[in-house]
Amino acid sequence: MKTAEIRRRWLDYFASKDHEIVPSASLISEDPTLMFTVAGMVPFIPYMTGLVPAPYKRATSVQKCVRTLDIEEVGKTTRHGTFFQMNGNFSFGDYFKKEAISYAWEFLTSSKADGGLELDPELLWVTVYKDDDESIKIWRDVANVPLERIQKRGMKDNYWSTGQPGPAGPCSEIYYDRGPAYGSEGGPEADENRYIEIWNLVFMQFERGQGTGKDSFEILGELPSKNIDTGMGLERVAFLMQGVDNLYEIDEVRPVLDLAAKLAGKTYGADADDDVRLRVVADHVRSALMLIGDGVTPANDARGYVVRRLLRRAVRAMRLLGVEAPVFKELFTASKNAMKASYPGLETDFERILRTAVNEEEAFLRTLNSGLLVLDEEIAKAKSSKALALTGDSVFLLHDTYGFPVDLTFEIAQEAGLEIDREKFTSLMNIQRQRAKDDAKQKRSTNADLSVYGEFRSIGVTKFTGYDELVSAAKVIGLIRDGLVVKELKEGDVAEVLLDETSFYAESGGQDSDSGFITGDGVSLEVLDVQKPVKGLVSHSVLVKRGSIAIGSKVSTEVSADWRLGAAQAHSATHVVHAALRQVLGPQALQSGSYNKPGYMRLDFSWSEALSQATRTEIEEVTNLAIRQDLAVSAQFMSVKEAKTFGAVALFGETYDESVRVIQIGGPWSRELCGGTHVSRSSQVGLVSIIGEASVGSGSRRLEAFVGFEAFQALASERALVATLTESLKVPREQLAEKIQSTVEDLRAAQRKLASLSMEQLKSKIPQLAQAAKKVGETKVVLEDIGPVDSADLVRELAAALRDKLESESAVAVIAGVSGDKIILIVATTKKAREAGISSGILVKEASAILGGGGGGKDDIAQGGGPELKKLGAAFAAIEKSIKR
RNA sequence: GGGGACUUAGCUCAGUUGGUAGAGCACCUGCUUUGCAAGCAGGGGGUCAGGGGUUCGACCCCCCUAGUCUCCA
């Protein structure tokens with residue numbers, strides 16, 4: 001049975017049991033503490049913990065998941081995959097153990113004709129938590145599983161909790177027996193390789209208290225509302241049903257593995273090491289495909305780094321298989337074709353996905369090539385010192401600084417007859433890991449506890465009235481100060497206010513929160529910030545300017561009209577610029593983030609190279625022409641599905657409700673899903689002026705602009721600057737650029753000429769100076785102060801020229817000049833003088849000491865100096881004296 | 001978020017006890033010669049990423065900023 005077929009049967013089965021089919025959430029988790037959606041239940045966590053009321057009693061999903069914790073194990077075992085799909089069914093305070101168990105059993109064992117998987121019941125084993133007699137009874141009575149195939153396990157294996165106080169409970173797992181060829185008899189307790197876990201049923205039954213680890217915490221009592229959370233690993237069931245050995249060989253993965261083998265000229269199954277590499281390629285290509293599909297782009301931090309790592313590991317594995325040419329185009333196409341039955345979006349987005357992957361492949365191939373140069377050097381160094389191995393430091397340097405993978409280093413070193421010091425390398429890696437972990441730990445401790453919002457959120461959502469009005473009547477439903485619920489706020493307090501409804505826009509979708517006041521009977525609160533700490537709940541951070549306020553108070557929310565106009569202009573401008581960007585660059589230039597507030601906007605978008613000045617200008621022109629055309633801006637609510645067929649741009653990394661708001665500017669010209677506030681016609685944006693474009697990392701660019709009056713101000717200040725320049729340079733503005741360029745050129749030419757003239761002038765003195773040389777012992781000595789000079793170069797040139805003039809004799813040229821408030825002193829000696837034991841360096845040192853400074857250099861020429869101008873005579877005398885010796 | 005490295009002529013890069021910035025390619029001029037990356041001679045081209053500090057003197061040492069590469073969480 002194909003994987004897509006199992007998936008379809010799953011959803012059909014639970015739909016027939018009144019479950020709401022919930023589409024897979026993005027791999028980018030909404031939970032900020034999670035990098036990715038790592039389990040099927042992740043999107044349902046707020047409902048499980050009661051932070052947000054569940055919109056349905058029963059739900060089912062097939063959730064895309066990514067886990068990279070065990071990335072090193074990929075390909076070596078049957079079970080580790082970085083990407084997998086989790087089939088889940090969930091109950092929120094509705095059915096419990098009995099139904100959960102009987103559904104699971106029925107789905108697995110009923111005939112294919114009846115929509116089940118028709119697994120042999122004799123091959124299924126179950127485990128239960130040791131004290132959960134209730135579940136044992138249900139398995140025996142409802143599913144007819146004999147007691148000998150029900151095994152009890154302790155807390156470590158069969159008790160679920162989040163690791164923190166909150167919901168917890170026993171779980172029960174279903175295993176499939178692969179037969180004696182895979183290991184010994186005795187159920188999962190004896191051999192988890194032969195008996196493969198396919199389904200975990202979690203019964204959220206109890207409230208747990210403080211404690212660490214998996215089994216050291218207190219059970220506080222039963223939960224008022226019990227939940228069911230189950231997960232069936234789609235890949236595991238697929239590989240069992242397709243009669244293959246592991247998840248890399250199922251229909252959604254195998255084609256990539258086969259293609260990789262073909263490209264490498266290898267036969268799968270012929271060599272254990274090669275097999276691991278082929279599985280790594282197949283796994284990583286699929287994971288990267290899915291992650292890029294969800295909008296993650298390779299980068300050096302967080303999620304982006306995971307994708308980069310997956311892609312680079314795939315390239316590395318191919319290279320170890322002997323393939324050096326680029327291969328992502330073929331491999332990604334194969335993976336897309338294998339996955340598109342379940343994820344049609346991959347097909348429509350494939351151009352973008354492939355380009356992202358191929359760009360990264362090219363970048364890494366470049367990195368590998370430059371790393372090879374460094375590696376060659378390290379190998380040569382090791383060989384010349386007769387070492388038998390590359391040092392751990394070298395291997396680490398290659399990996400850490402040049403991005404050269406260790407196993408490639410190993411292979412290449414071996415070919416050169418060298419080992420590598422793995423032990424030292426590993427210890428260096430551990431040091432780096434520890435450093436990063438310590439840092440992360442420090443940062444995490446500042447994360448806020450959201451539980452304080454739970455009780456207010458359960459009352460209902462905060463109604464947002466701000467689309468239609470700036471002022472709204474509201475009632476205070478909650479007050480929070482210093483993270484604690486309070487009854488009342490007094491003058492001077494800074495706290496959070498929760499209302500039943502509000503006209504204040506909370507920061508989201510890139511738009512900054514509204515500014516204004518909340519007023520009431522004798523009370524005035526300045527709104528500092530507005531956030532949505534929990535979905536549906538708006539929290540106003542305020543400063544109490546006057547009066548006091550209590551739960552139940554009637555108030556009025558008053559958004560500053562000026563602020564809102566600016567915010568609307570900036571947000572609409574962001575959409576216009578985005579549309580202009582896509583019109584000019586093409587649809588690949590997709591927004592990856594944005595921020596806007598009155599007068600300012602910035603837009604991050606996927607693009608791999610800097611925009612030329614001409615392109616920037618074109619984008620700016622298209623933007624401002626769209627503003628001038630006075631396009632209508634409209635907002636309408638529709639279902640996600642409708643919005644998609646409508647062609648609205650949905651941004652990755654953002655999650656949307658069932659009903660979404662679509663903002664259109666000029667009809668189809670700009671269609672985006674967006675909850676922000678907008679102007680009603682494009683002309684109201686006024687003006688957009690781009691102020692900068694920069695990289696925010698590989699593959700991503702940032703465009704910044706001023707909007708409305710601020711754009712005018714920015715242009716006006718540039719105009720003022722130009723006016724100042726035309727005035728001081730005395731040319732019309734059209735000739736300004738040319739004038740500046742020619743002025744700079746003239747200046748440089750003049751400086752050069754001046755320097756050469758002064759040099760000529762100085763050099764003209766040479767014969768005279770040579771003539772005037774004093775004889776000190778056997779040596780001719782010239783001592784000359786040439787007065788103020790621009791640079792030490794002049795002095796040096798003169799000293800050198802003079803020395804050259806006297807080269808045939810034993811001679812010393814000593815030239816002093818004054819630069820700023822310091823003396824520059826240069827001493828040059830001829831060859832004969834040096835042979836007589838005279839060193840420029842020593843002479844300069846002695847003389848400079850007298851001048852209150854220091855100096856030094858080589859025997860033939862040296863430079864020094866100091867601040868004491870009056871001591872020059874003494875310094876000259878010292879040199880003379882020193883030569884005499 | 002935390003580390004490591006890089007930034008020198010149009011391009012690719014050298015440049016250590018801190019003491020006058022170099023090579024190859026490209027460019028210009030001349031000669032030679034007709035070709036397969038032509039040869040010879042000469043020449044132009046540098047804010048040594050930007051800013052600050054230490055020093056008589058900084059491409060070099062210290063600090064800050066920016067850009068690029070890279071590893072780790």
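This structure is a prediction, so every number in the text was calculated from the model and none was measured.
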Chemist: Identify each donor-acceptor pair in which a side-chain atom of residues 284-292 of chain A lies under 3.5 Å from a protein atom, sequence neighbours left out, and give them as a table.
Modeler:
residue, atom, partner, partner atom, Å
A:H284, NE2, A:R313, NE, 2.9
A:R286, NH1, A:E235, OE2, 3.4
A:R286, NH1, A:E252, OE1, 3.3
A:R286, NH2, A:F83, O, 3.4
A:R286, NH2, A:E235, OE2, 3.0
A:S287, OG, A:T82, OG1, 2.4
A:S287, OG, A:F83, N, 3.2
A:S287, OG, A:D283, O, 3.1

Chemist: Between the protein and nucleotides 20-24 of chain B, list the N/O to N/O atom pairs that are separated by less than 3.5 angstrom.
Modeler:
residue, atom, partner, partner atom, Å
B:U20, O4', A:R796, NE, 3.4
B:U20, O4', A:R796, NH1, 3.1

Chemist: How far does the C1' atom of B:A14 sit from the matching atom of B:U8, given to the nearest Å?
Modeler: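 The same atom, C1', in both gives a distance of 10 Å.
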Chemist: Would you give me the side-chain donor-acceptor pairs under 3.5 Å for residues 368-378 of chain A, sequence neighbours excluded?
Modeler:
residue, atom, partner, partner atom, Å
A:N369, ND2, A:L365, O, 3.3
A:S370, OG, A:T367, O, 3.1
A:E378, OE1, A:S394, OG, 2.9

Chemist: Is A:R435 close enough to B:G4 that one of its side-chain N or O atoms is under 4.0 Å from OP1 or OP2 there?
Modeler: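 No.
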Chemist: Say you pick atom P in B:C25 and the same atom in B:A58; how far apart are they, in whole Å?
Modeler: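 Per the computed distance, 34 Å lies between those P atoms.
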Chemist: Between A:D70 (CG) and B:A73 (P), how many Å, whole number?
Modeler: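 Rounding to the nearest Å, CG of A:D70 and P of B:A73 are 12 Å apart.
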Chemist: Measure the CD1-CE distance between A:I690 and A:M601 for me, rounded to the nearest 0.5 Å.
Modeler: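 A:I690 CD1 to A:M601 CE: 8.0 Å, rounded to 0.5 Å.
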Chemist: Does OP1 or OP2 of B:C71 have a side-chain N or O of A:R312 closer than 4.0 Å?
Modeler: yes
Chemist: Can you confirm whether the side chains of A:Q434 and A:N430 place a donor and an acceptor under 3.5 Å from each other?
Modeler: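 No donor-acceptor contact under 3.5 Å links the two side chains.
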Chemist: B:C40 and B:G24: how far apart are their P atoms, nearest whole angstrom?
Modeler: 11 Å
Chemist: Report yes or no: do A:D421 and A:T391 form a side-chain donor-acceptor pair below 3.5 Å?
Modeler: no
Chemist: In this structure, how many angstroms lie between the C1' atom of B:C56 and the CD1 atom of A:I826, rounded?
Modeler: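 The answer, rounded to whole Å, is 10 Å.
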Chemist: Taking ring pair (Phe, Tyr, Trp, His ring centres under 6.0 Å) as the definition, give me every residue that meets it alongside A:F425, ordered by chain and number, with sequence neighbours left out.
Modeler: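 With neighbours one apart ignored, the set is A:H399.
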Chemist: Considering only NZ, NE, NH1 and NH2 on the basic side and carboxylate oxygens on the acidic side, decide whether A:E360 and A:R308 come within less than 4.0 Å.
Modeler: yes
Chemist: Please report the distance, rounded to the nearest Å, between CD1 in A:I71 and C1' in B:A73.
Modeler: 13 Å
Chemist: Rounded to whole angstroms, how far apart are CG on A:D393 and C1' on B:G4?
Modeler: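 About 13 Å, once rounded to whole Å.
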Chemist: Roughly, in whole Å, what's the span from CG in A:D400 to C1' in B:G2?
Modeler: 11 Å
Chemist: Between A:D407 and A:R316, does at least one N-O distance fall below 4.0 Å, as a salt bridge requires?
Modeler: yes
Chemist: Considering all heavy atoms of both residues, which atom of A:A862 and which atom of A:G856 are nearest to each other, and what is their separation?
Modeler: CB-O, 3.6 Å
Chemist: What's A:S370 touching, base or sugar-phosphate or nothing? Going by heavy atoms closer than 4.0 Å.
Modeler: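 Here A:S370 touches no strand at all.
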Chemist: Among residues 422-433 of chain A, which contact RNA chain B at a heavy-atom distance under 4.0 Å?
Modeler: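 Only A:M429, A:Q432, A:R433 qualify.
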Chemist: Considering residues, nucleotides and ligands other than A:E835, do more than 12 of their heavy atoms fall under 6.0 Å from its CD?
Modeler: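 Result for CD/A:E835: enclosed.
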Chemist: How about A:L825 and A:F876: do any of their side-chain heavy atoms sit closer than 4.5 Å?
Modeler: yes
Chemist: Give the rounded distance in Å between these two atoms: CD of A:E377 and C1' of B:A14.
Modeler: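 That distance rounds to 12 Å.
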Chemist: Of the options B:C71, B:C69, B:G57, whose atoms approach the side-chain atoms of A:K822 most closely?
Modeler: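 Nearest to the side chain of A:K822 among the choices is B:G57.
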Chemist: Respond yes when some side-chain nitrogen or oxygen of A:R366 is under 4.0 Å from OP1 or OP2 of B:U70, and no when none is.
Modeler: no
Chemist: Base, sugar-phosphate or nothing for A:G403? Non-hydrogen atoms, less than 4.0 Å.
Modeler: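 Here A:G403 touches the backbone only, sparing every base.
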Chemist: Without decimals, in angstroms, what is the distance between A:L368 CG and B:C69 C1'?
Modeler: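 After rounding, the gap between these two atoms is 13 Å.
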Chemist: Taking the nucleotide of RNA chain B with the closest heavy atom to each, which residue, A:I824 or A:F396, is nearer the 5' end?
Modeler: A:I824
Chemist: So does A:S848 get a side-chain nitrogen or oxygen closer than 4.0 Å to the phosphate oxygens (OP1/OP2) of B:C56?
Modeler: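 Indeed not, no polar side-chain atom of A:S848 lies that close.
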Chemist: Quick check: closest heavy atoms across A:A413 and A:I379, and the distance to 0.1 Å?
Modeler: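 In terms of heavy atoms, the two residues are closest at CA-CD1, 4.3 Å.
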Chemist: State, yes or no, whether a side-chain contact exists between A:Y600 and A:E704 at a heavy-atom distance under 4.5 Å.
Modeler: yes
Chemist: What does the 5'-to-3' dot-bracket notation of RNA chain B look like when only Watson-Crick and G-U wobble pairs under 3.5 Å count, and pairs to other strands show as |?
Modeler: (((((((..((((.....[..)))).(((((.......))))).....(((((..]....)))))))))))).
Chemist: Round to a whole Å and report the spacing from CZ of A:R316 to P of B:U70.
Modeler: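 The answer, rounded to whole Å, is 16 Å.
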